[in-house]
There are 2 protein chains.
Amino acid sequence: MKIGMSDQLATLPDTRTPDWAKLLGAADIAPSRLGDAVIERLTEAIIDGRLKPGDPLPSEGQIAATFGISKPIAREALRELAAMGVIQVQQGKVSRVRAIDSGPLARFYRFAVGSTKQGLREAVELRRMLEPHIAAFAAERRTEADIAAMRAILVRMEETLGDVPAWIEADLAFHNQIAAMAHNRLVVLQLKGLEPVVRIMMVRFNAREARTMDDWRVTLGRHVRIAEAIEAGDPAAAEAAMRSHFAAADAAIRDIFGPDPSPGGTG
Amino acid sequence: MKIGMSDQLATLPDTRTPDWAKLLGAADIAPSRLGDAVIERLTEAIIDGRLKPGDPLPSEGQIAATFGISKPIAREALRELAAMGVIQVQQGKVSRVRAIDSGPLARFYRFAVGSTKQGLREAVELRRMLEPHIAAFAAERRTEADIAAMRAILVRMEETLGDVPAWIEADLAFHNQIAAMAHNRLVVLQLKGLEPVVRIMMVRFNAREARTMDDWRVTLGRHVRIAEAIEAGDPAAAEAAMRSHFAAADAAIRDIFGPDPSPGGTG
DNA sequence: ACCTAGAAACTTATCAGTTAAGTAGAGTGG
DNA sequence: CCACTCTACTTAACTGATAAGTTTCTAGGT
């Protein structure tokens, strides 16, 4: 890799090739594959709205022809887009643009969390950061239909008191409903993406010991208080109720995951 | 609706094939492609830690041989995993497991937000929900090194007062640093994933009008107050400071995105 | 005239074999 | 001991073919 005109330059390590990777902000990009052009074009068309969910895409053959590449490469590009959750491809039918859902997000969290207690604890903490604010927005923006749906879920929770698996599903539905009441699609997706990870935690949490019927009623009561504050349209109260809901479960959660990280520790 | 066994049944639309898709919880799964087995196996190996970041994967040929599939299919599976951000594949080298970063998250938000004001508003709102709590955790867990890094960024912000592009980068770095101080990897990834979308907003926000040097100093002052609360280890103060930081920018943001959604409106 | 069964056309899924290009390590010569 | 070349291995891409699922249209029967 000597570029100089004196032989000494050749022996210098790499002072002259500092850190191109960082300088160019491109650490690990492959030197441009042909399929990337397809991905990029379709991506921007979808993002800026020229292609809407449900719209059909050209077939593999057509894409291959228009981009001047072979069918397998065009196919690869489509499958990559499918892996991102952006399009839907099915045998026999042309691929179609797909409305974004929480699938990619859920997969991301699954990988990010892994199967470590550490990861689970962080995911639960992230949810704890979000939900009080979500409750506050829900209290501001809820509609009559929202309130009715929330009440129905509360009834369902009461009916499943003591039935751990059914309770977990009703509980998750309750929190998802509150997210929906904030009328922010991104928030709904966010909470739905966290759901699989949260479900793992809930299974552990609710399986830790035998709980009396009174314990269950106390838990239900905390949810009722959240619902009441939202129904009353009181953001501050809703936020506070959600906060104390999580605080109450805190001791048990620490039981499962261990203490909070020490400042200088593993994070 | 008649459900009898008379010949009229044949004319009924599809009462007898209710909603298999929903019943089976599988709305749109393709009838199992060969490559899916590869994806699933590698996925679980990575999630449960048998494969760690940096570990090499078998080559296309080896995968094809062990799974009894052809090379192009094995290749497709690897590229799909790469599209999920789970592995890194480069010409000439074997694929390797990759530590998860904010890339997939950023891409998700880009698609979810699209190019609508509505989406941008929702993303900004999501960030607003997160950051006060992040600041509170940062105040609890910050280390000396964290504080030093935060101070350095504050100095950088002061130096770039009035220089919009440089200010934006310093501002983003400040908030990212606070996220890092919460010592929760998921939170860091979360904020980094939102960054591209937030940057778009900031460009619009900071370009709206000519601001006096005093305006700039007021903005910087709000950041200083956040930093001071975190440095003092006061979670409540940090959260409050972050809240008022966002509240101050609220009017201008509403200027850009329009008013908050009406409860029954477009959400 | 209408409805239905079946063929035809089009789509994706998968295979095999081949060529090109990039990477890394072994070997060789200075 | 260092630097260079050569080789073996990897991914990138193409070609051409077969299988299997969807849709559409037509031909036939009622």
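Chain letters run A, B, ... following the sequence lines, proteins first and then strands; every chain starts at 1.
One can place CD of Gln90(A) at 9 Å from P of dA13(C), the figure rounded to the nearest angstrom. Rounding to whole angstrom units, NZ of residue Lys71(A) and C1' of dA12(D) are separated by 19 Å. Across the protein-nucleic acid pair, Glu76(B) atom CD and dC14(D) atom C1' stand 15 Å apart, rounded to whole Å. Rounded to an integer number of Å, the gap from CD of Glu80(B) to C1' of dT12(C) is 14 Å. Summarising the geometry, the separation between CZ on Arg33(B) and C1' on dA13(C) is reported as 9 Å, rounded to the nearest angstrom. One atom, CG of Leu57(A), and another, P of dT11(C), lie 13 Å apart when rounded to the nearest Å. Residue Gln91(B) contributes atom CD, which lies 17 Å from atom P of dC9(D) at whole-angstrom precision. The CG-P distance, from Leu34(A) to dT15(D), rounds to 11 Å in whole Å.
Crowding of Arg199(A) atom CZ: a count of heavy atoms from other residues, nucleotides or ligands under 6.0 Å exceeding 12. Within a 6.0 Å sphere centred on CD of Glu40(B), heavy atoms belonging to other residues, nucleotides or ligands number 12 at most. For Arg79(B), the CZ atom is densely surrounded, since the number of other residues' heavy atoms within 6.0 Å is greater than 12.
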Evaluate Arg127(A) against His175(A) for side-chain contact (heavy atoms from CB on, under 4.5 Å), listing each step before the verdict.
CA-CA 11 Å; Arg127(A) 181 164 170 259; His175(A) 289 279; 3.4 Å; yes
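When each of Pro72(A) and Val94(A) is assigned the nucleotide of DNA chain C with its nearest heavy atom, Val94(A) is the one assigned upstream, toward the 5' end.
You'll find the side chain of Arg41(B) reaches within 4.5 Å of the side chain of Phe67(B), heavy atoms only.
Comparing dA16(C), dA13(D), dT11(D) by their nearest atom to the side chain of Ser70(B) picks out dA16(C). Among dT12(C), dT22(D), dA12(D), the nucleotide with an atom closest to any side-chain atom of Glu60(A) is dT12(C).
For dT12(C), neither phosphate oxygen OP1 nor OP2 lies less than 4.0 angstrom from any side-chain nitrogen or oxygen of Arg75(A). Close to dA13(C), at under 4.0 Å from its OP1 or OP2, lies a side-chain N or O of Arg79(A).
Counting non-hydrogen atoms under 4.0 angstrom, Leu78(B) reaches nothing in the nucleic acid.
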